[in-house]
There are 2 protein chains.
Amino acid sequence: MISIQQLSQEVAIGTDTLRIWERRYGFPVPQRDSRGHRRYSDQQVEELRIVKMLQSLGYRPNKIFALDAAGRKTLLDKELDQNQPENTALLQLAKQLSPHEIDRDLRGRLEKLGPTNFVFQVAVPLIKTLDRGWSDGTISIAREHLVSDRLEQLLKEQLADPEPSATTPQLLFLTLNGEWHKIGLLLAAVLFRSAGLGCLLIHEELPLSEVPQLALDLDVAAVALSFSSHYPTRQAKKDLALLRNKLDPKIRLIAGGQAVQDGVALQNLIICSELEQIPAISSKLLSELRAQTG
Amino acid sequence: MISIQQLSQEVAIGTDTLRIWERRYGFPVPQRDSRGHRRYSDQQVEELRIVKMLQSLGYRPNKIFALDAAGRKTLLDKELDQNQPENTALLQLAKQLSPHEIDRDLRGRLEKLGPTNFVFQVAVPLIKTLDRGWSDGTISIAREHLVSDRLEQLLKEQLADPEPSATTPQLLFLTLNGEWHKIGLLLAAVLFRSAGLGCLLIHEELPLSEVPQLALDLDVAAVALSFSSHYPTRQAKKDLALLRNKLDPKIRLIAGGQAVQDGVALQNLIICSELEQIPAISSKLLSELRAQTG
DNA sequence: AATAATTATTTGTCTAGGACAAAATAAATG
DNA sequence: CATTTATTTTGTCCTAGACAAATAATTATT
């Protein structure tokens with residue numbers, strides 16, 4: 001039995017939102033403690049996780065809450081299962097291997113495939129496998145975090161790696177204030193890195209106002225930002241316009257994530273709504289930058 | 001000009017708390033937009049950061065808000081400056097070096113000093129330097145994140161490193177739900193690691209209820225948790241008692257952080273309120289475990 | 001005088017129900 | 001069929017009050 005705030009942190013839904021859902025849709029209706037404070041059960045946590053995933057798949061609350069718990073579960077299973085061909089080796093990795101074995105396995109695959117193929121053929125499917133496994137109850141949260149932590153660590157090492165060469169153009173990857181959209185940005189950085197661009201990733205959030213100065217100090221060729229689906233479109237547009245304005249025109253600006261899928265057109269801005277576009281974008285960018293310098 | 005929620009995220013103070021501080025202490029009093037919603041200035045963000053640091057130094061709101069902005073600044077400077085002897089090399093690293101240079105410098109020091117000395121002579125002082133530099137305005141937030149990200153990455157690599165040996169006892173380091181107390185736990189893990197214990201760190205938050213099963217699956221010899229100062233003492237006590245109960249008695253339980261400094265005595269629980277205690281604790285633990293197995 | 005137990009103050013989190021703009025959908029227009 | 005305009009949906013913010021947990025201050029006890 002947990003408080004509304006604990007619940008809010010676990011499922012990443014604001015307390016105001018939780019209360020108004022209860023008022024409007026009748027879910028989740030918690031028990032009350034002696035003071036009249038809300039107390040949520042483990043089961044409600046689980047059901048809310050399903051709601052959250054459906055939401056991130058594009059369903060809106062009125063659709064979601066029109067269904068009952070079983071209906072939501074069914075719908076989510078359907079959504080996750082449609083891209084079926086499950087890689088059994090990855091499934092085993094996700095479910096059973098020990099941390100060291102996971103490390104060894106992933107490193108082996110990375111070496112064999114190279115970073116780009118690793119991202120598309122291992123990292124992305126693995127993340128999907130984890131989601132699916134969590135959804136059908138075959139993978140615990142702890143296990144999911146364990147595996148994704150190993151993956152994250154491995155990918156970060158790829159960025160640090162060698163090549164402090166002075167001639168390679170450097171890109172700066174940032175998480176803006178209010179974002180926690182870590183893994184997508186990391187995958188993007190690895191892809192750019194494997195195209196031959198130097199990538200510097202700052203995972204902790206920082207204020208927009210400091211970005212231009214930082215970009216200048218680090219002498220980077222481009223700044224990349226990722227906006228999650230929760231980021232208000234209007235705000236994303238405003239942020240990007242402001243940043244584009246403050247930033248040296250020679251520094252490219254790259255925006256990714258669901259919040260900028262369309263509409264956000266801006267002079268001198270590279271939009272990148274899908275990971276799949278990155279190989280093309282990065283090679284083009286690299287040749288442009290090379291031409292510029294040389 | 002930012003909203004109350006954005007402010008809340010930037011300074012890590014809940015919206016409720018911000019509103020009630022305004023009501024009770026008259027700070028921060030924001031401007032209002034056309035709807036009557038609060039809008040905070042950059043300066044207020046900065047002043048709140050100072051408040052937050054004073055709070056984490058043990059000052060309570062009534063003392064803090066009895067002072068004006070200048071008084072708070074003075075007090076904070078005094079607090080941070082009393083441990084004076086500033087390492088100029090570290091200061092330069094924090095302020096000026098490029099990411100690659102930081103990496104090289106830190107790696108060099110790590111190699112020379114070994115992990116334990118590195119933690120006490122480099123990592124801890126560096127973190128203090130960053131705090132101080134931020135406080136007196138000579139280090140930007142961006143710079144602080146940049147440097148601490150490099151440090152974090154380097155330390156994490158130390159944990160992964162070699163030795164998947166079957167005979168080494170493994171410890172599991174966890175962040176509980178509602179915690180984001182990353183760096184302290186990481187430093188602790190590195191210290192245990194350098195004593196010869198295998199350390200597995202899961203940075204993402206996970207529910208308490210899943211810990212026992214995870215510990216069993218991974219076959220670890222101990223579980224280590226860190227509670228930040230914000231964690232309610234009562235809750236920490238409850239959590240620890242519950243976990244101790246559910247956990248196999250043979251698995252040790254280690255608790256650290258400001259929230260468990262005293263009082264939280266429990267059978268079969270190792271309390272560790274200061275990093276300095278870890279070398280002693282870890283070597284004792286290791287010999288116990290070796291005796292047990294061998 | 002030092003320690004333990006009480007009482008008072010401080011502090012953060014919670015409650016309720018109302019309001020409203022931004023986003024998404026439906027409807028109406030060219 | 002593409003745009004514009006109305007309508008619904010949705011999340012965030014508002015006020016003001018309540019109360020327990022944590023801390024400080026006071027009193028009682030050894």
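Labels below follow one simple rule: chain letters A, B, ... track the order of the sequence lines, proteins then strands, and each chain is numbered from 1. Heavy atoms only: backbone and side chains are in, while hydrogens, waters and symmetry mates are out.
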Please check if any side-chain donor atom of [X] sits under 3.5 Å from a side-chain acceptor atom of [Y], or the reverse.
| X | Y | value |
| --- | --- | --- |
| A:Glu204 | B:Ser148 | yes |
| A:Ser209 | B:Asp42 | no |
| B:Gln5 | B:Gln9 | no |

Subject >> Test salt bridge (Lys or Arg N to Asp or Glu O under 4.0 Å) applied to A:Asp131 - qualifying residues, sequence neighbours left out >> reply: none

Subject >> Inter-axis angle, terminal five-pair segments of the helix from C:dA1-D:dT30 to C:dG30-D:dC1 [nearest 10°] >> reply: 20°

Subject >> Side-chain heavy-atom pair B:Ile202, B:Leu214 within 4.5 angstrom cut-off >> reply: yes

Original post:
Taking C-beta and beyond as the side chain, do A:Leu240 and A:Leu253 meet within less than 4.5 Å on heavy atoms?
Top reply: yes

Interatomic distance where [atom1] belongs to [X] and [atom2] belongs to [N] [whole Å]:
| X | N | atom1 | atom2 | answer |
| --- | --- | --- | --- | --- |
| A:Leu7 | C:dC14 | CG | P | 11 Å |
| B:Phe227 | D:dA22 | CZ | C1' | 18 Å |
| A:Glu22 | D:dT10 | CD | C1' | 17 Å |

Could you run down the sub-3.5 Å N/O contacts of the protein with nucleotides 13-17 of chain D?
{"residue": "D:dC13", "atom": "OP1", "partner": "B:Ser3", "partner atom": "OG", "Å": "3.4"}
{"residue": "D:dC14", "atom": "OP1", "partner": "B:Arg38", "partner atom": "N", "Å": "2.7"}
{"residue": "D:dC14", "atom": "OP1", "partner": "B:Arg38", "partner atom": "NH1", "Å": "2.9"}
{"residue": "D:dC14", "atom": "OP2", "partner": "B:Arg19", "partner atom": "NH1", "Å": "2.4"}
{"residue": "D:dC14", "atom": "OP2", "partner": "B:Arg38", "partner atom": "NH1", "Å": "3.1"}
{"residue": "D:dC14", "atom": "O5'", "partner": "B:Arg38", "partner atom": "NH1", "Å": "3.2"}
{"residue": "D:dT15", "atom": "OP1", "partner": "B:Arg32", "partner atom": "NH1", "Å": "3.3"}
{"residue": "D:dT15", "atom": "OP1", "partner": "B:Arg32", "partner atom": "NH2", "Å": "3.4"}
{"residue": "D:dT15", "atom": "OP2", "partner": "B:Arg38", "partner atom": "NH1", "Å": "3.1"}
{"residue": "D:dT15", "atom": "OP2", "partner": "B:Arg38", "partner atom": "NH2", "Å": "2.8"}
{"residue": "D:dA16", "atom": "N7", "partner": "B:Arg23", "partner atom": "NH2", "Å": "3.0"}
{"residue": "D:dG17", "atom": "N7", "partner": "B:Arg23", "partner atom": "NH1", "Å": "3.2"}
{"residue": "D:dG17", "atom": "N7", "partner": "B:Arg23", "partner atom": "NH2", "Å": "3.4"}

**OP:** Look at the aromatic rings of A:Phe65 and A:Tyr25 and report parallel, tilted or perpendicular, splitting at 30° and 60°.
**Re:** parallel

**OP:** Assign each of A:Gln235 and B:Gly14 to its nearest nucleotide of DNA chain C by heavy atoms, then name whichever residue's nucleotide is nearer the 5' end.
**Re:** B:Gly14

Original post:
Can you tell me if CD on B:Gln31 sees more than 12 non-hydrogen neighbours from other groups inside 6.0 Å?
Top reply: no

Subject >> Set of ring pair (Phe, Tyr, Trp, His ring centres under 6.0 Å) partners for B:Tyr40, sequence neighbours left out >> reply: none

Original post:
Which letter, B, S or -, goes with each nucleotide of nucleotides 4-11 of chain C from 5' to 3', with contact meaning a protein heavy atom under 4.0 Å?
Top reply: ------SB

Subject >> Listed partners of A:Ala280 passing side-chain contact (heavy atoms from CB on, under 4.5 Å), at least two apart >> reply: none

